[in-house]
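Counting starts at 1 for both ligands and their atoms, in listed order.
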Amino acid sequence: MNGPIMSIDRRTLLLSTGAWPWLNACQLKIGETLPPSRIVGAEAHAGHRLRGALPAASQSRKTRVLIVGSGASGAAAAYTLQKSGFTDFSLIDLAQTFGGNARSGGPSDARYPWGAHYLPQADEENRDLIDFLEHAGAMKNGVYNEDYLCHDREERIYYQGSWHEGLIPWVSLKPQDRSEVEAFLKLVESIRGKRDAKNKHAFRIPLDESSRENEYIQLDQQTFADFIRGQGWHSPFLSWYLNYCCRDDYGTDWEETSAWAGLHYFAARSGDKDKVLTWPEGNHWLVKQLMVGSEDRFQGDELSCRLLSKGKGWSLETYKSATGRVTAWEADAVILAVPRFVAARLGVDLPFAKQQVSYAPWMVANCHARSLPTNAGPGPGLAWDNVPYGSASLGYVVANHQTIARYPGASTLTSYWPLTGGSSEYLRTMAGFRASEDWARLVLADFDLMHPGFRSEIEGIDIWLWGHGMIQPKPGYLWGQLRDAMNQPTAYPGLYLAHTDMSGISIFEEAFAQGVKAARGVLRQLG
Ligand SMILES: Cc1cc2nc3c(=O)[nH]c(=O)nc-3n(C[C@H](O)[C@H](O)[C@H](O)COP(=O)(O)OP(=O)(O)OC[C@H]3O[C@@H](n4cnc5c(N)ncnc54)[C@H](O)[C@@H]3O)c2cc1C
């Protein structure tokens, strides 16, 4: 990336001294130099059009099935229709490209993720997902493609001045930390094997395949932090580690995460498959595979604004920001693969309660560097995922990790920041006020911690803000009445819903299951 080196000015300095504790933790120096930075991905503002008046429709389009939203859920619906031989459908999104939170950026030979970036290996029982992975070439006859399994070294942690393989620095832990981490992992192991009277696993993916026994779902009534403290565990490292996991998977502090969700993170997968699947462009690769053969049916820059029941079908008005024109889409069936807070604004009555459905804001920074980071201190070298203990970030992923042999030297490092430490609404609003330089300074401070001096290798920083990045599995949501109602068939013939907020856990597997389920409903209806 080219561009002038910027100097910090007084305005930026003042802007950076707001009420955001972890942002203020950065060292600010007059005369400090920063690489060029910019905030990309402006579609969040497009959504505000939903609240304003709309011009009259100037054109109309017909399709039998209209899928609204091209994240992993919408793309999985398209894949399911296409796979069954049903091709009279269209897929639209307010964004220019499909992928939702799993989108990516960069040139074709140096992609990097903007959001979702990995998929754990699937359990054999998840047949639909396995079939898709086989179909996509991610596995063949049950064996994963080595190109997509994360190459060694997968993850490491920077703890007390040195790097350690994995996320638990066993050799450096104090005895109390070590024994409590061991006790926690033992608990997870015992839960993982549990099945209820109906032979259902205590925790499963998709989440709705999990046991509904009270013994398990009552865990949804308390926070993960309270559950852990209730076991008599107070180890600082265990607390940090479990909070890190909640922030990583749910964008949510463990003090706000349901204990059921916290345990699900560890116990829902069989645990014998350590490597994850990843690609330079992250999970955009998966969405692209879902979309193979359906690319021509995708229309970007189509903000859905108003949904009206029309005869036996539906009419959906969309707004194109490039032309300012409104299109009226007519369809026999509609799949709304958008977050529920969006679907609930389109004019149909859907189960939703703003106070109970909360979304985590995120900041993701792609840092373009001349070289790869090296270690100042002891420990294993660069991993795909590099995590600093005690930071407000989750660390960084090396976007070109799977292709480093081909591209030694230059790198794109994707730095992940779930914005926690306040209400999501407050954090979302505050995020919108920050200039790119403020975010850049924060990201550089994180690199200073892990790799002193490396900041001078960073040539540019691109920043993406996800206002409603992920549904937050707060206590009471996963097994409460609202989510149950959100998953019931709608009161409207021909209207289907699919989004990870209906699962309560925002992972590719859940999006996939939601999309497949909605498309199967459509296929049953239309024959
Ligand atoms: C920073 C980050 C990192 C993540 N990392 C991972 C990971 O590593 N692995 C993983 O499995 N999951 C990860 N996730 C979770 C990821 O969100 C889910 O896995 C999944 O991609 C969500 O898909 P979805 O279709 O349910 O929702 P979304 O991706 O939210 O898709 C909804 C779509 O609806 C569109 N839309 C919204 N409103 C309108 C409208 N009015 N009109 C038209 N279109 C509209 C949006 O533009 C979007 O494309 C991450 C999420 C974030 C934010």
| message | Just to verify, what does Y416 make a side chain to side chain donor-acceptor pair (under 3.5 Å) with, not counting sequence neighbours? | response |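 Y416 satisfies side chain to side chain donor-acceptor pair (under 3.5 Å) with H117 once adjacent residues are dropped.
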What atoms in ligand 1 come closer than 4.0 Å to a heavy atom of [X]?
{"X": "N283", "result": "9 (N), 10 (C), 11 (O)"}
{"X": "S304", "result": "40 (C), 41 (N), 42 (N), 43 (C)"}
{"X": "L303", "result": "40 (C), 41 (N), 42 (N)"}

| request: Could you tell me if any non-hydrogen atom of E302 lies under 4.0 Å from any atom of ligand 1? | output: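 Within the 4.0 Å threshold, so yes.
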| message | Is V364 close enough to touch ligand 1? Criterion: a residue heavy atom under 4.0 Å from a ligand atom. | response |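 Yes, V364 has heavy atoms under 4.0 Å from ligand 1.
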Per [atom], closest listed option by heavy atom ([options]):
{"atom": "atom 32 (C) of ligand 1", "options": "G100, A337, G69", "answer": "A337"}
{"atom": "atom 50 (C) of ligand 1", "options": "Q96, M470, H468, M363", "answer": "M470"}
{"atom": "atom 4 (C) of ligand 1", "options": "A116, G282, P418", "answer": "A116"}
{"atom": "atom 43 (C) of ligand 1", "options": "D301, I67, L94, D249", "answer": "L94"}

| field | K474/E255 ion pair, N-O < 4.0 Å | value |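 No, no charged N to carboxylate O under 4.0 Å.
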| Thinking salt bridges, do R483 and D501 make one under a 4.0 Å N-O criterion? |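 Here R483 does not pair with D501 in a salt bridge, since their nearest N and O are not under 4.0 Å apart.
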| How long is the span from the CG atom in L307 to the CH2 atom in W314, to the nearest 0.5 Å? |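 Reported value, rounded in 0.5 Å steps: 5.0 Å.
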| Ring-ring centroid check W279 Y118, cutoff 6.0 Å |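 No; Y118 has its ring centre 6.0 Å or more from that of W279.
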| F132/F512 aromatic ring centres below 6.0 Å |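 Aromatic pair counts; centres sit under 6.0 Å.
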| request: Only counting residues at least two apart or in another chain, list the ones meeting side-chain contact (heavy atoms from CB on, under 4.5 Å) with T63. | output: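 Once residues adjacent in sequence are excluded, the partners of T63 under the side-chain contact (heavy atoms from CB on, under 4.5 Å) criterion are L66, D88, S90, W329, A331.
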